[in-house]
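When a residue number appears, it is its place in the shown sequence, counting from 1.
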Amino acid sequence: MKNIFLTLLTCFGLTTWAQIKKAKIVDKNGNPIENVYVLNTKSQTHAHSNEFGVFTLSETVDGDPLEIVAFGYKRLIRAFNSNEEAIVLEDGLFRLKEVVIQPKLSAMNVISKIDLQTSPVNSSQEILRKVPGLFIGQHAGGGKAEQLFLRGFDIDHGTDIAISVDGMPVNMVSHAHGQGYADLHFVIPETVDKIDFGKGTYYADKGDFATAGYVAFQTKDKIENSSIGVEIGQFNTLRTVGLFDLLGQQKNQSAYIATEYILTDGPFDAPQNFNRINLLGKYSVSLNDASKFSILASRFKSKWDASGQIPQRLVDLGVITRFGAVDSTEGGTTSRTNFNVAWSKPISENSYFKANAFYSNYEFELFSNFTFFLNDPVNGDQIKQKEERAIYGLNADLHQKSFINDAEVLMQYGIGFRSDATIDSELSSTLNRKTVLQRLKLGDIEQSNLFSYANAEFKMGKWIINPALRLDYFKFNYQDKLANTFQTQAETEVKFSPKLNFIYSKSNELQFFVKSGMGFHSNDTRVVVENNGREILPTAIGTDIGTIWKPIPSLLVNAALWHLYLDQEFVYVGDAGVIEPSGKSRRMGAELSLRYQLNDHLFFDADANYTYARSIEEPNGQDFIPLAPDFTTTGGLSFQNVHGFSGGLRYRYLKNRPANEDNSIIAKGYFISDLNVNYQLKKINIGITIENIFNTEWNETQFATESRLQNEPESVEEIHFTPGTPFFLKGKITYAF
């Protein structure tokens, strides 16, 4: 009897094991496809493919009918065959009705996937605009990193948003121009494959800078074909781009080189003389054990002149035009060289490991003049900010899936570090870019961040409970080279950041979420040592409540209410070399995103964001947060594959907002529309782009600044602005081979 029982138990176990099937899904080039929805229409069990394209489906045997749905691919209905090496999906028309809302924390990233499909990226600025609610502005020629706005933050150049490319950090800690400086111009738009984003402090694998959120870009492992393109536009604008496939369509490996060169004078009376060159190479290989290895190398360099921010009074008096300059000797140079090695390996059916190691060498020199002759009535107030930096680090995490009773448990364990070392971080008063009048700041900075995190997802029926904990250790070193004696000023800090998120997926068409978490406001090494390590990583506490919903198959809606509290901010103002504490603050708001497909070729999208942002410790009327947007909206109509034509009409609107704490100075809002049309003729693509089609006068960036002109007896505080681009026509032609 005992032997019979053991035999039956063994058979039952083998039968159960046999009903759990594993398979891989790839595209026509052999690239794995992530987040494919696979449904066994017989047993009604379903699964999603992971980043290796692998899915595991229970209660399935050979011959069972499968329905396979993937974003941008043809729907496939077929019988399961365990002997097949991989299931290949064919490219197809994008259909919103086939989008499945994934039961996971980052489910709203489907929005960026939709946008990349229906309105491809065609400039470095458009890369960041793919994040709903994120606004950008350029204010010192084309070579300086953009000013960013998100969730009621004037993020400056990246202080409150963590940006990465293939796991490499873009933000610069303790930068000569400002904390978090994030120059994304080394990315060639045509190489962008995916955009992962999240808002708030809810993600355990995101730490420094991730206050308002994060954006993670991923470059392509493989290109479909080689291509060369030329773009010519007004204002002496020229752009060339080339993508070259080095290995052809090989099964397990790929390599390509991408290059970009840009020239433009811009619309300014004093030409920008801007030029930028990018070069990127990437090699990827899939090994026999299903692991994947890639190496990326890139080089970027740019140089430009700038007209700077001009005072409104000079334009009103007709002394200069909107595109004029007070000090036309502004400008700068910058460069960055990157190396990144990435490796991912499935360990078992229920676990895999990922890691990347990176190194960057970075140089920066910027000349600016914001106050003209306020501080030095003879030579003027031009400043130089300069640094040379080395960055290196490592990210590694382990993903494991297990089952406890009826609950599926996903665990993620991560560890990593980042180290920055700058030489001669400088702030100096200069004359005509050549003469150094006075060194205001000069020193070497070493900053290290070691971190680890544990992230759990308990899937119980339609619920996901996601507790997580992140630990950050910081080491700050600063050597002030202007001090009379040698001294290394050093501080350390440890920060714990717990998170707790709840997700309820009623169906593939409806999801609710409640997100909460603690993070911290990033800080500059010079601020840390100046404050003797007190209150150096102020706590940020955030909450989101929202839904992702498909009320009809062709409409996707994402809505959220959110709140963010900041305990304190110490800001290093690189333009002045001073520290400004800004106190406690509170931001709250509402967001709405719509994606609607009218037919197979026509798409509509819109994002609207409202924010109430105030300083807590200031009296009413004195508590406005300068330049914090309270209402923004973007959207447009796009069309694809209409007898070879594609393109779209887009808009962006930024409402008037306070430029100072008492709202007595207003930064004017704007409404801008852009148009692009492309035609595909076999291997040739011809396109026209018009920025600002209605030739609207608008200010791209604005600041309440106190300045004095050379002939003025007293200083004046008012809006100083960089004008936005007027009507700007560009044409392009691309040949694929």
Side chain to side chain contact (heavy atoms under 4.5 Å, CB included) between D265 and N273, worked out: CA-CA 5 Å; D265 286 339; N273 300 311; 3.6 Å; yes
Let's go through R657 and D630 carefully: what are the C-alpha distance in whole Å and the side-chain angles of both, what is the deciding distance for salt bridge (charged side-chain N to carboxylate O under 4.0 Å, His left out) to 0.1 Å, and is it a yes or a no? CA-CA 7 Å; R657 60 200 192 279; D630 63 356; over 6 Å; no
The test is side chain to side chain contact (heavy atoms under 4.5 Å, CB included); show your working for F186 and V170 and say whether it passes. CA-CA 10 Å; F186 67 86; V170 177; 4.0 Å; yes
Could you give me the CA-CA distance, side-chain angles and deciding distance for E260 and H185, then say whether side-chain hydrogen bond (donor to acceptor under 3.5 Å, both in side chains) is met? CA-CA 11 Å; E260 176 188 48; H185 294 146; over 6 Å; no
Run Y565 and R587 through side chain to side chain contact (heavy atoms under 4.5 Å, CB included) and show every step you take. CA-CA 6 Å; Y565 165 83; R587 293 168 172 86; over 6 Å; no
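Side chain of T201 to main chain of G517: a donor-acceptor pair is present (N/O by atom type, distance under 3.5 Å, no hydrogens or angles). In terms of modelled atom types and a separation under 3.5 Å, the side chain of T611 and the main chain of A613 share no donor-acceptor contact. Judged by distance alone, the side chain of Q511 and the main-chain N or O of Q102 form a donor-acceptor pair under 3.5 Å. Of the possible donor and acceptor atoms, none in the side chain of S164 sits under 3.5 Å from a partner among the backbone N and O of G167. At distances below 3.5 Å, at least one donor-acceptor pair connects side-chain atoms of R322 with backbone N or O atoms of W698. Proximity of a side-chain donor or acceptor of T259 to a complementary backbone N or O of N278 within less than 3.5 Å is detected. Put simply, the side chain of N171 gets close to the backbone of G158: a donor and an acceptor are under 3.5 Å apart. Listed for the N275 side chain is no donor-acceptor partner under 3.5 Å among the backbone atoms of L263. Of the possible polar contacts, one joining the Q597 side chain to the N599 backbone as a donor-acceptor pair under 3.5 Å is found. For N692 (side chain) and N695 (main-chain N/O), a donor-acceptor pair under 3.5 Å exists by modelled atom type.
Taking the side chain as every heavy atom from C-beta outward, I262 and I277 never approach each other to under 4.5 Å. Side-chain contact between I161 and V215: present, with at least one pair of heavy atoms (C-beta onward) separated by less than 4.5 Å. Residues I320 and I310 are in side-chain contact: their nearest non-hydrogen atoms beyond the backbone lie under 4.5 Å apart. Looking only at side-chain heavy atoms (C-beta outward), D600 and R95 come within less than 4.5 Å of each other. F274 is not listed as a side-chain neighbour of D305, based on a closest heavy-atom distance of 4.5 Å or more. Looking only at side-chain heavy atoms (C-beta outward), K130 and F197 stay at 4.5 Å or farther from each other. Between I188 and F300, the closest side-chain pair of non-hydrogen atoms is not below 4.5 Å. Contact check for K730 versus E691: side-chain heavy atoms found under the 4.5 Å cut-off.
In this structure, OG1 on T333 lies 8.0 Å from CZ on F367, to the nearest 0.5 angstrom. Once rounded to the nearest 0.5 Å, the distance linking CG of N699 with CD1 of I719 reads 8.0 Å. We find the OG1-CD1 distance between T237 and I232 to be 10.0 Å, quoted to the nearest 0.5 Å. Taking CZ from R614 and CD from E661, the interatomic distance works out to 12.0 Å, rounded to the nearest 0.5 Å. Distance check, rounded to the nearest 0.5 Å: CG of L556 to CD1 of I114 gives 5.0 Å. Between the CD1 atom of I548 and the CZ atom of F512 there is a distance of 11.0 Å, given to the nearest 0.5 Å.
Taking the six-membered ring where the residue is Trp, the centroids of F728 and F235 are separated by under 6.0 Å. In this structure, Y181 has its ring center under 6.0 Å from that of F364. Aromatic pair Y670/Y653: ring centres not closer than 6.0 Å.
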Can you give each donor-acceptor pair under 3.5 Å made by side-chain atoms of residues 638-646, sequence neighbours left out, with the distance rounded to 0.1 Å?
residue	atom	partner	partner atom	Å
S638	OG	T118	O	3.4
Q640	NE2	T118	O	2.8

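When each of T211, D208, D160 is checked for a side-chain contact (heavy atoms from CB on, under 4.5 Å) with S522, only D208 meets the rule.
Side-chain contact check for R336 and T334: no donor-acceptor pair (N or O, by modelled atom type) lies under 3.5 Å. Defined by atom type and a distance below 3.5 Å, a donor-acceptor pair is present between the side-chain atoms of H720 and S707. With no hydrogens or angles considered, a side-chain donor-acceptor pair links Y362 and H175 at under 3.5 Å. Between the side chains of Q147 and D154, a donor-acceptor pair is found at a separation under 3.5 Å. Side-chain atoms of Q680 and N685 include a donor-acceptor pair closer than 3.5 Å. N676 and N678 are linked by a side-chain donor-acceptor pair at a separation below 3.5 angstrom, with hydrogens and angles left out of the test.
Minimum interatomic distance between P629 and F153 (heavy atoms only, all atoms of both residues): CD-O, 4.1 Å. Considering every non-hydrogen atom in both F513 and A559, the closest pair reads CZ-O, 4.1 Å. The minimum heavy-atom distance between A628 and G152, with the atom names listed, is CB-O, 3.2 Å. The shortest heavy-atom contact between N660 and I665 is OD1-N, 3.2 Å. Nearest heavy atoms, T722 versus G308: OG1-O, 3.7 Å. Contact between T705 and F370 at its shortest, heavy atoms only, is CG2-O, 3.7 Å.
Using a 4.0 Å cut-off between charged side-chain N and carboxylate O, E591 and K199 make a salt bridge. Under the 4.0 Å criterion applied to side-chain N and carboxylate O atoms, K144 and D183 are not assigned as salt-bridge partners. Ion pair D674/R652 flagged as a salt bridge, since at least one NZ, NE, NH1 or NH2 atom sits closer than 4.0 Å to an Asp/Glu carboxylate oxygen. With respect to E190 and R239, a salt bridge is recorded, a charged nitrogen being found less than 4.0 Å from a carboxylate O. With salt bridges taken as basic N to acidic carboxylate O contacts below 4.0 Å, one links D607 and R595.
By the 6.0 Å and 45° rule, R276 does not stack over the aromatic ring of Y261. A cation-pi contact, defined as under 6.0 Å to the ring centre and within 45° of the axis, links K206 to Y214.
Annotation: W549, atom CH2; neighbour count of heavy atoms from other residues, nucleotides and ligands within 6.0 Å does not exceed 12. No more than 12 heavy atoms of other residues, nucleotides or ligands lie within 6.0 Å of NZ in K97, so this atom counts as exposed by the packing criterion. Environment of NZ in K668: sparse, with no more than 12 heavy atoms of neighbouring residues, nucleotides or ligands closer than 6.0 Å. Summarising the local packing, CG of L602 is surrounded by more than 12 heavy atoms from other residues, nucleotides or ligands at distances under 6.0 Å.
By the side-chain contact (heavy atoms from CB on, under 4.5 Å) test, T219 pairs with V165, D166, T191, Y256, K282, L296, sequence neighbours left out.
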